[in-house]
Number of protein chains: 2
Amino acid sequence: MNLTVAEENYIKAIYKLQDGAVVNTNAIAYELDTKPASVTDMAKKLKEKKLIDYEKYQGISLTAEGRKMALQIVRRHRLWECFLVDKLSFSWDEVHELAEELEHVRSEKLISRLSEYLGNPTTDPHGDPIPDAQGKISKTRQLVPLDKATAKRLEVAGVSDQSSALLEFLHAKGIRLGTQIDVIERYEFDNSVEIKIRNQPAFTISEQVSKSIMVKSI
Amino acid sequence: MNLTVAEENYIKAIYKLQDGAVVNTNAIAYELDTKPASVTDMAKKLKEKKLIDYEKYQGISLTAEGRKMALQIVRRHRLWECFLVDKLSFSWDEVHELAEELEHVRSEKLISRLSEYLGNPTTDPHGDPIPDAQGKISKTRQLVPLDKATAKRLEVAGVSDQSSALLEFLHAKGIRLGTQIDVIERYEFDNSVEIKIRNQPAFTISEQVSKSIMVKSI
DNA sequence: ATTTTTATTTAGATTTGTCTAAATTATATT
DNA sequence: AATATAATTTAGACAAATCTAAATAAAAAT
Ligand SMILES: [Mn+2]
Ligand SMILES: [Mn+2]
Ligand SMILES: [Mn+2]
Ligand SMILES: [Mn+2]
């Protein structure tokens, strides 16, 4: 199965967003900074190639084959991130964009040699696990409360406080399971956090709230 | 100036083929394994971007800006070749295709770090000079008789024997200055060489002839 | 100086990936 | 249940890069 760069980026995005449930069109469009109509177009192609399951209006999920592809791309991405940090002295926050391009050079031999050269690392500079050559990947890292998270883009994966007051607040703000959050700023004086959710203006939440939102980096 | 991968490949091909004189459409098409009509299409675009000088039927040559671009791409290509051979233990004959892809990851910082990491090499695994960050490149390597050449694809750059018998033979075979030759096989028992010229079936030349054809790798 | 061959360009089409605007379907609210 | 809102898809368009077949120009051979 030979994929284009665009197809690889879609497959990887779907893998990243997929979490048990199906992935919806808008989430993929947001992740890839494209338009929902383009996602629908691509969904038809990827379905044709049997890399995703897709029925219109029903969301998208990877097939076994699609997942295999995704893991290969993720492996390449994370190994290149290791290379850039370990060998070329980049810092962990400047490697993602470069890896986003390097990941598309497809060569089993190149990647196995690179992995070996790096000492077959099992996690990338951001702590994310690196799939092995067979596509086996260790469980994704645990959840962290928002006030402890270091990454800029996060996904809400749970709440540590089940009080209806909190849940009401989150609901009103449009925060629910699976919601993607961009951290705009952290204010030291009161540990409040300015965040942004897709299609909404940024807003600030208190330390108390940020401690209650469990997130994972995506 | 932001180029697409296709544009970069054309610019590099033109640089490679340019040797004082202008480059013709068919040579570029052959080099890039595409069709002359496609070269004409691209020539119009690259002229629009002021990277080449081009008047129809008059051939193509790089502008100063185009040459600058070409040297950057060549630098990236050759540095990646060094990396693959020096660090990942590839042999010199398996790196070209990989470098052909890696060269399109554009990042000044990546390339300067890579160069530094490799000890700022000045020649690649094939003996070709690596342009520095400013695009300065040492003179291209000397000519070698065909029987001593190691590369698979060569360009005829002269003859060491001016006898009319030889020149007639070369003329009859379609071998002239600038002709590109692919070496198909070298026969040890009599040191004859089977070669192929674009648009012609392969044929074999004797050791005597191969000693007289001066070539450079391209 | 013609004729033949080779090189190059044009015309028109195709594929891929994208977009906007409008239409449709699903979900949430009243 | 009806209405409003959000998500998704369709229709139609576009740019990039390529191709084939036909037309034209340049170069070589006679
Ligand atoms: Mn990518
Ligand atoms: Mn990472
Ligand atoms: Mn290339
Ligand atoms: Mn080389």
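Reckoned from all heavy atoms, side chains included, excluding hydrogens, waters and symmetry mates. Letters go in sequence order (proteins before strands), and every chain restarts at 1.
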How about Tyr15(B) and Tyr10(B): are their ring centres within less than 6.0 Å of each other?
-> no
note: Tyr57(A), atom OH; dA7(D), atom C1'; distance rounded to Å ~ 9 Å
Out of dT8(C), dT9(D), dT18(C), minimum distance to the side chain of Met42(A) belongs to dT18(C)
Please determine if a side-chain N or O atom of Asn26(A) lies less than 4.0 Å away from the OP1 or OP2 oxygen of dT8(D). yes
Lys56(B) has its side chain closest, among dT10(C), dG17(C), dC19(C), to dT10(C)
Taking for Lys44(A) and for Arg198(A) the nucleotide of DNA chain D with the nearest heavy atom, the one nearer the 5' end belongs to Arg198(A)
Leu3(A) atom CG is separated from dT15(C) atom P, nearest whole Å, by 19 Å
note: Glu8(B), atom CD; dA16(D), atom P; distance rounded to Å ~ 16 Å
Taken to the nearest whole Å, NZ/Lys47(B) to C1'/dT9(C) is 14 Å
Does NZ or CZ of Lys173(A) come closer than 6.0 Å to the centre of the six-membered ring of Phe203(A), within 45° of the ring's axis? yes
Review point. Any donor-acceptor pair under 3.5 Å linking the side chain of Arg113(A) with the backbone of Leu88(B)?
Key: yes
From CD of Glu55(A) across to C1' of dA26(C) the rounded distance in Å is 16 Å
From the candidates dA17(D), dT8(D), dT18(C), the one with an atom nearest any side-chain atom of Ala6(B) is dA17(D)
TODO: Remember a base hit wins even if backbone is also touched, and classify Thr25(B) as base, sugar-phosphate or nothing at under 4.0 Å, heavy atoms.
DONE: sugar-phosphate
Of dA26(D), dT10(D), dT8(D), the nucleotide closest to the side chain of Ala37(A) is dT10(D)
Ranking Gln58(A) and Asp41(A) by the position along DNA chain C of their nearest nucleotide, the one closer to 5' is Asp41(A)
Discussion item. Tell me whether the side-chain N/O atoms of Tyr54(B) come closer than 4.0 Å to OP1 or OP2 in dT8(C).
Written reply: no
(message) Less than 4.0 angstrom between a side-chain N/O of Thr34(B) and OP1 or OP2 of dC19(D), yes or no?
(response) yes
When rounded to whole Å, the CG to P distance for the pair Asp33(B) and dA17(D) reads 17 Å
*Which part of the nucleic acid, if any, lies within reach of Tyr10(B) when heavy atoms closer than 4.0 Å are counted: base, sugar-phosphate only, or nothing?*
sugar-phosphate
With the side chain defined as heavy atoms from C-beta on, Lys35(A) is closest, among dT9(D), dT16(C), dT20(C), to dT20(C)
Rounded to whole Å, the CD-P distance (Glu31(A) to dA7(D)) equals 17 Å
Hey, is the main chain of Pro131(B) close enough, under 3.5 Å, to the side chain of Arg75(B) for a donor-acceptor pair?
-> yes
Exercise for the section: Please determine if a side-chain N or O atom of Lys45(B) lies less than 4.0 Å away from the OP1 or OP2 oxygen of dA16(D). Expected result: no
From OH of Tyr30(B) across to P of dA7(C) the rounded distance in Å is 13 Å
Is there a donor-acceptor pair under 3.5 Å between the side chain of Thr63(B) and the backbone N or O of Leu51(B)?
-> yes
Once you apply a heavy-atom cut-off of 4.0 Å, does Asn24(B) come out as touching a base, just sugar-phosphate, or nothing? sugar-phosphate
**Prompt:** At under 4.0 Å, does any side-chain N or O of Thr40(A) touch on OP1 or OP2 of dT9(D)?
**Reply:** yes
Classify the ring geometry of Trp80(A) against Trp80(B): parallel below 30°, tilted from 30° to 60°, perpendicular beyond 60°.
perpendicular
